[in-house]
Structure formats: C-alpha cells, structure tokens
S.K.: 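For reference, the structure I am asking about is given below.
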Amino acid sequence: MIKRFLSLEWKQFSRASYFQKGIAIKILLFFAALYFGGIAVFLGVGIFFILKKAVPDVDPIETVNNFLIYWVLFDLVIRFFMQQLPVMNIKPLMAIPIKRKTIVHFLLGKTTLSFFNIITILLFVPFCVVLLVKGYAVLNVICWFLSIMFITLSVNFLNFLINKNNTFFYIITSVLAVLVGLEFYGIYKTSEPIGMAFNALFNNPYLVIIPLGLLIGLYRLNFSYIINEFYLDGAISKKVEKVDTTDLTWMNRFGSITIFLKNDVRLIWRNARPKQVLMMSFLFLFYGLIFYTQETYQKMPAFLAFASMFVTGGFLMTFGQLVPSWDSEYYKLLMSQNIPYRKYLESKWYLMVVAVAISFVLSTPYLYFGWKIFGMIAAGALFNIGLNSFITLFGGALNRVPIELNVKAKAFGNTNGFNPTQMLIALPKLVLPMLLFYVPYKLINFEVGLIVLALSGVLGIVFKNFFLSKIESIYQKGKYKTIAAFAEKN
Amino acid sequence: MITTSNLSKKYNNNLVLKIDSLEIPRGQSFGLVGNNGAGKTTYFSLLLDLIQPTTGYINNNNVLVHESEDWKPFTSSFIDESFLIGYLTAEEYFYFIGELRNQNKADVDKLLAQFEDFFHGEILKQKKYLRDLSKGNQKKAGIVAALIGNPEVIILDEPFANLDPTTQIRLKGIIKDLAEKQGVTVLISSHDLMHVTDVCERIVVLEKGEIIKDLATNSATLKELEAHFSGTTVV
C-alpha cells in the first residue's frame, strides 16, 4: 500500500506544473539546492574548528550544546511560517478500502521527508563525522546525533499541532515569550539548564531514550488527533475561515484608486501566501544589521548602500515582483470588466510606497549606527519609492506564473513566480543603487553620493506617469498570453 | 446587436471553432447547445476578448471586440469560478463589481433586494468568503453580479449547472424577464435541453466548432433537439 502512495506522491511531484517549466529553471533550482546543501555541509564541517578558535577553553561540543536550544527554536519558528502541512488529497482515498491507520501513518511519515529535516541531517552529519575523526567516543556521538534527529522530528510534529490548533499555538508562544524575556533581562537563564541537559545527553548515551520518547509521544498525539478528525470536515480539510469584517470605508478618501486599494488590502490580509510575504518583508528590516555591524563593510560603502536599500525595500520587492500574479485566480474577471490598467497599477504602487514609508519609520533604531547610516537608509527609501518600485512592477509585468493565494509557499518547491526574466530584472534592482551611490562617492564625496541616490528616486516620482504608461503597454501587449498562463493552474 | 463574421479559432492547426456568420439581434434570448468540446466556451471567450480569434471578428454593438475595449461597459458575464474573487464576501464582491460599473452602494443594494428570493438566504450576510461557499451558491453570486450595472448584453456559461431545482426555476424567470421586458440580449449555453428551450427564443447547435442547427424555439424544438442528440433522425 505504502508503495502505491509513494508512487502517487512521486507523480504529484514530477507532474506539478512548475516542474514542467523550462530546463533553465530546473538547472537554477538544482544549483540553488546544491548551494544551500553545500552551505549546510560546509557549516557542519567548519563549526567545530570555528568554535575551537572562538572559545578555546571550552570543548566545542559543549558550546554547540549550549546554543542548541536556539537552533531548535529557530527551526520551530521557520517551520511555523514556511512548512506546508501535509494536506494529502484524502478525499479520493476515504471511500476506497484502505485502513484509515495506513493513510494517517503515511500522512505523518511523509512530513519527515520535509526539506527542514533534510537540512538538519546535512548540518549535523558532517559535524558528527568531524567529532568522530577528532576521537570522540563513537557511541556518544551516534547517540547524540540520534537525539538531535529525534528532537528535529519532534519539532516537525509539534509544528503540525501548533498549526492545526490555536490553543497549542498560544500556549507555546506565551511560554517562549516568558522564557526569552527572562533570559534577555538576565533574571533567569533558561538556556543554561537546557545547555546542561544537552551536554548530559552527549555524556550519557543511554539518555537518547528521552528524545525518542518525546518523538513517540508527539507522533502518537498527532496520530490520535488526525484519526479522530479523519472526516471531510475534520483536521485534514481546509479550514473555513471566520470572516474579518474590518471596515475599510475610511479608505474612500484615496479617490479613484480606492476600489483597488481596498481589494489589495483584503488580498493581503485574508490569504496565506501574501501574509507570508508580509512576514518575510518584515525580516528584511533586520538586513542592515548584518552589514552595519561588521568592520569589513565599513570600508565598502557601496555594499552599505545596497543593504540600506534592502532595509526599506522588503515588501516592495517581494510583493511587487508578483504583481499581476496576485490577481491570477480571477484575472478573467478583471479582463472582462471595464478596468483601467493605470488605476490597477497605481493602487499597487501606492501600496508599495506606503510599505516603504512604514519600513522607514520602523528603521529609525538604525540611528544607533549614526547619521551616515541613517542617511543611507533614507536615500535608499527614496530610491525604492521612485525607481525600484517601477523596475519591480516592470519585472512583474513579464511574469506570468499563477499563484494560489491561500496556499503557503513551500520552502523549496516555490517556483511560483520565479523565472529567468525575473532574475535578469533583479540585477538592475541590486546594482543600480550601488552604482548611483558609489560613482559620485568616489568622484566627489559621501554626501554627494547620498544626494544622487536620493535624487534618482525623486526623478522617478516625477516621471511616474511615463513609467506607468510603459508598464501598461506591456500589460496590454501580453493580455492573451497572461490570461492563458493564469488559466493553466491545476 | 452582435454580429459574428468569418470567425475561427485554431489551436496548433486544430480547428475548434468556425462560424461564418451569426447575427444576434438586440433583446434576443439566445441559447447555445452542444456536446463537450463543441466550442461553446470558446465562442464566449472570444466574445469577451479573453482569447484572440485566428480569423474574422465579432462586432458587439458596433464595437470590434478584439480591437477596442468599448464593449466592456455594456457587456457583463459569468463564465466560471475564476470570475469570483475568492477572498471577498458576497457583499464586498457585489460592491466591487458595482464600483467598476459606476454603481454606488445604494444602487447595488436596490438590485440585490430584487434577488432575495433567488439567494434564498444563502448568499448575503453569511460571514463567509466566496471561496468557502458551495458551488451552487458561488454560481448564484456570480450570476447576480453579472446583472449589476444595467448591462445590455449578458453572457452566462452553463448557468443552470450546480443549481438546485428551485433556483433553476427562479433563474429561468429572471432570464426571461431580462430579455422580454428589459430588452437585454442574453446569451446562455447549457447541457439541459429542457431549460434552454424554456428560456431561449432561439437555439443554435454547435458541433465540432460549427453551427449545424439554428432554430427559432417552438413546441417542436425540444423533440427535435432530443432527437438530434440521441442520434436518431427526425421524421
């Protein structure tokens, strides 16, 4: 039976529309997978030596154990937002003679093949190999590794419960919030006993039973939860959401684009995929931290300009690059109605501008790094509003990949809205702010660089109508192609 | 009102539609029947400029459909669920369509009030998004949305499918009323020969993309259609 399920899954995977795209995408995907896998392996090997150098008097394995809890938490958070739940298409399976238990076991088993579990293997196997080479006791290393895997899988199943059940979600987030708070203010460091616990795990191989027990417990919990809800209207079905009835009439003041703006706000608020984008764009706010805190980048202002653009541009780029795709589910409706493309585009543009403005306000803590950095962020924001927005919309116009709005993007299968043109369009987005800043900076000075970058944005706003007309004409030219492509889903 | 001339549509040398000439006068209720793949939806998609004709043209009230967009203000349609915006409630959707067709909230409310029977208490004030409604209720919402803004041409693809019997009967009344009293040109397609002969004054049969029958409905039409589709010849 399992074999037959597997073959179904394989067909679903290999016949998915994104897989039958061009060879170019396949190659790109392959390299992306290789890249991330490679990084994981590299990190796994390197971490031992890095830690040995960084904290010479502590055994690297101890350092790893002390910080392991953060990895687990990070894993949980990322999974919560990114991991797709195993909604196997059970409807056709319910009425044929297969034991429910088999289906549920398969459903749960399938989740263990998730990308997130594989990345853990890629990270920890090389690390353990290094440990073995360095002469750590074989039994300890193997049991420790097994413990890690059991914990990872436990997180995997925990995530399922959290996602399906709001009470679980609230309990876990509040417990986490309290612990992190205590830790942060130095009242009680929970990470210390947990670190000790992990060390104990390593030193006493037989303790591997504890994570194993945890895993079995969680698995059983999941199992009984699903088997009790194994009905069309149960846990495996899609949820019927409660309607949110936020009154948006206050938006009427935006004049002729109001209709679209209201719709766009609802689009973002009520669908899983755009919500995910919103979350991701929030993370972009922290992008600057990577660059501003490092000595090396201080002498490379071009990179700082690049990072500053990202700080305020997260939503703009992630949302904007999929602009007609967001409306792909009902594109035929839009095309048969009396819809001015201009108003449609303008609404999206305003949305992006507002997002940049909000990000800019939220980025004020960067003042900590001084006025120069904050000036860069401000100039980057102007560049985003004036130029980047149009470049992004232009790239989106060439993009004809349908999106399922209410389905979370997969961590890796996500080629929705991903194609070679997109990559080419992304280049000027990244290079342009660096050039605009760097050339005048080299020739004259820092301030002039900022001014040029900011002015480029202002210039873009002045020519807004010109840019929008250009993008409009692409929409018009590609109308039939776009309709056909958007109708292709499923 | 709608003139079709020399129209054909090919996909990779596969001819799916070929209509040399078809004239639909204003205020006619026009029915299109045919088996799967006969070209009904293709014809409607061409009427809405959703696909490009290989040859020929459709002229909707003196507007060439594939060249100008001026037919949009007086033409409305419901073809399939992709005409619904899944994340809106029915009311929000109606107001959205209303705004696109220059109708304010009061206008839309007035129109919706007429369809209280038709909705049967399952569409309005449901606190549900359209994507969570049943297929039949989605269809109800889509059909009524197509009536917003006083269109002169209404195109409905398979409007009777998925509807419960009561609603089917009510829908027939609505369509008749539109064509007879309000002078609206209504184009529908259907697999239900009985309904289509009840509602339409004229019925065109498509087969493999070509018109093979063009009938003015009378008491013998249903028999003739049934005979045609069951493969026996009429005496």
Side-chain angles (χ1 to χ4, degrees), chain A residues 237-249 252 256-275 326-341 343-344 402 404-407 476 478-484 486-490, chain B residues 9 11 41 44-53 65-66 69-93 95-105 125-134 142 145-146 148-149 151 153 155 157:
Chain A
S237 70
K238 285 183 194 154
K239 258 190 268 176
V240 173
E241 294 124 290
K242 276 208 195 106
V243 167
D244 106 275
T245 43
T246 322
D247 188 24
L248 295 179
T249 36
N252 288 344
S256 55
I257 60 161
T258 311
I259 327 171
F260 295 111
L261 214 50
K262 270 198 229 169
N263 237 16
D264 287 336
V265 170
R266 289 181 175 135
L267 169 90
I268 295 171
W269 215 241
R270 294 178 180 178
N271 293 293
R273 184 78 193 275
K275 255 195 212 160
W326 292 121
D327 297 298
S328 63
E329 282 185 355
Y330 45 88
Y331 203 66
K332 276 196 226 162
L333 167 84
L334 296 185
M335 287 301 105
S336 64
Q337 291 289 351
N338 200 13
I339 285 183
Y341 283 111
K343 295 275 177 295
Y344 170 84
E404 281 181 88
L405 278 177
N406 212 13
V407 177
Q476 261 149 2
K479 176 182 167 180
Y480 302 106
K481 269 193 197 165
T482 315
I483 293 174
F486 284 170
E488 239 173 48
K489 61 156 185 199
N490 302 330
Chain B
K9 178 70 187 172
Y11 287 108
T41 307
F44 284 169
S45 300
L46 283 162
L47 257 169
L48 295 171
D49 195 34
L50 296 176
I51 51 179
Q52 246 176 331
V65 167
H66 67 286
E69 295 191 59
D70 294 339
W71 53 271
K72 285 181 176 174
F74 59 82
T75 309
S76 75
S77 53
F78 183 69
I79 304 291
D80 55 35
E81 307 88 74
S82 67
F83 278 63
L84 295 173
I85 302 180
Y87 56 84
L88 296 183
T89 64
E91 281 95 339
E92 286 164 354
Y93 177 66
Y95 296 138
F96 174 70
I97 301 286
E99 278 183 85
L100 292 178
R101 304 191 80 91
N102 291 321
Q103 303 279 302
N104 63 31
K105 215 172 160 222
K125 303 198 187 90
Q126 284 301 296
K127 297 203 179 292
K128 263 190 193 173
Y129 297 131
L130 286 172
R131 63 176 173 228
D132 294 329
L133 292 180
S134 71
I148 293 173
V153 177
I155 300 165
D157 196 11

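In what follows, chains carry the letters A, B, and so on, assigned in the order in which the sequence lines appear, proteins first and then strands, with residues in each chain numbered from 1.
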S.K.: Identify which of A:Thr258, A:Leu267, A:Leu333, A:Ile259 forms the greatest number of heavy-atom pairs closer than 4.5 Å to chain B.
M.R.: A:Leu333

S.K.: So how far is it from B:Glu99 CD to A:Phe260 CZ, rounded to the nearest 0.5 Å?
M.R.: 9.5 Å

S.K.: Using non-hydrogen atoms and a 4.5 Å limit, figure out which bit of B:Thr89 sits close to chain A: side chain, backbone, both or neither.
M.R.: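 Its backbone and side chain both get close to chain A.
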
S.K.: Pick whichever of B:Leu48, B:Ile51, B:Thr75 has the most heavy-atom pairs under 4.5 Å with chain A.
M.R.: B:Ile51

S.K.: Taking the side chain as every heavy atom from C-beta outward, state whether B:Glu69 and A:Met335 have any pair of such atoms under 4.5 Å apart.
M.R.: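 Sidechains of A:Met335 and B:Glu69: no contact.
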
S.K.: Can you tell me how far the CZ atom of A:Arg266 sits from the CG atom of B:Leu88, to the nearest 0.5 Å?
M.R.: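 One gets 6.5 Å once the value is rounded to the nearest 0.5 Å.
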
S.K.: As an exercise, state the distance from CG of B:Leu50 to OH of A:Tyr480, rounded to the nearest 0.5 Å.
M.R.: 9.0 Å

S.K.: A:Lys262 versus chain B, heavy atoms under 4.5 Å apart: side chain, backbone, both or neither?
M.R.: side chain

S.K.: Hey, what do you get for CD1 (B:Ile85) to CG (A:Leu405), rounding to the nearest 0.5 Å?
M.R.: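 Between atom CD1 of B:Ile85 and atom CG of A:Leu405 there are 10.0 Å.
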
S.K.: side-chain hydrogen bond (donor to acceptor under 3.5 Å, both in side chains) between B:Tyr87 and A:Tyr330: does it pass, once the steps are laid out?
M.R.: CA-CA 11 Å; B:Tyr87 56 84; A:Tyr330 45 88; 2.7 Å; yes

S.K.: Quick check on A:Ile483 against chain B: is it the side chain, the backbone, both or neither that has a heavy atom closer than 4.5 Å?
M.R.: side chain

S.K.: For A:Lys479, is it the side chain, the backbone, both or neither that has a heavy atom under 4.5 Å from a heavy atom of chain B?
M.R.: side chain

S.K.: Please check: side-chain N/O of A:Lys332 versus main-chain N/O of B:Glu81, any donor-acceptor pairing under 3.5 Å?
M.R.: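 No, the answer is negative, given that no donor and acceptor are paired below the 3.5 Å cut-off.
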
S.K.: Using heavy-atom distances under 4.5 Å, tell me whether B:Leu84 contacts chain A through its side chain, its backbone, both, or neither.
M.R.: backbone

S.K.: Is B:Phe74 close to chain A through its backbone or its side chain, or both, or neither, when contacts mean heavy atoms under 4.5 Å?
M.R.: neither

S.K.: Give, for atom OG of A:Ser336 and atom CZ of B:Phe44, the distance between the pair rounded to the nearest 0.5 Å.
M.R.: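 Output value for this atom pair is 13.0 Å.
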
S.K.: Roughly how far, to the nearest 0.5 Å, is the OG atom of B:Ser82 from the CG atom of A:Leu334?
M.R.: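 OG of B:Ser82 is found 10.0 Å from CG of A:Leu334.
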
S.K.: Can you see which heavy atom on B:Arg131 is nearest to which on A:Asn271, and at what distance?
M.R.: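 Nearest pair, atom of B:Arg131 first, then A:Asn271: NH1-OD1, 2.6 Å.
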
S.K.: Looking only at heavy atoms and a cut-off of under 4.5 Å, which of B:Phe78, B:Phe96, B:Phe83 has the most pairs with chain A?
M.R.: B:Phe83

S.K.: For B:Asp70, is it the side chain, the backbone, both or neither that has a heavy atom under 4.5 Å from a heavy atom of chain A?
M.R.: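 Contact with chain A is absent: no heavy atom of B:Asp70 under 4.5 Å.
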
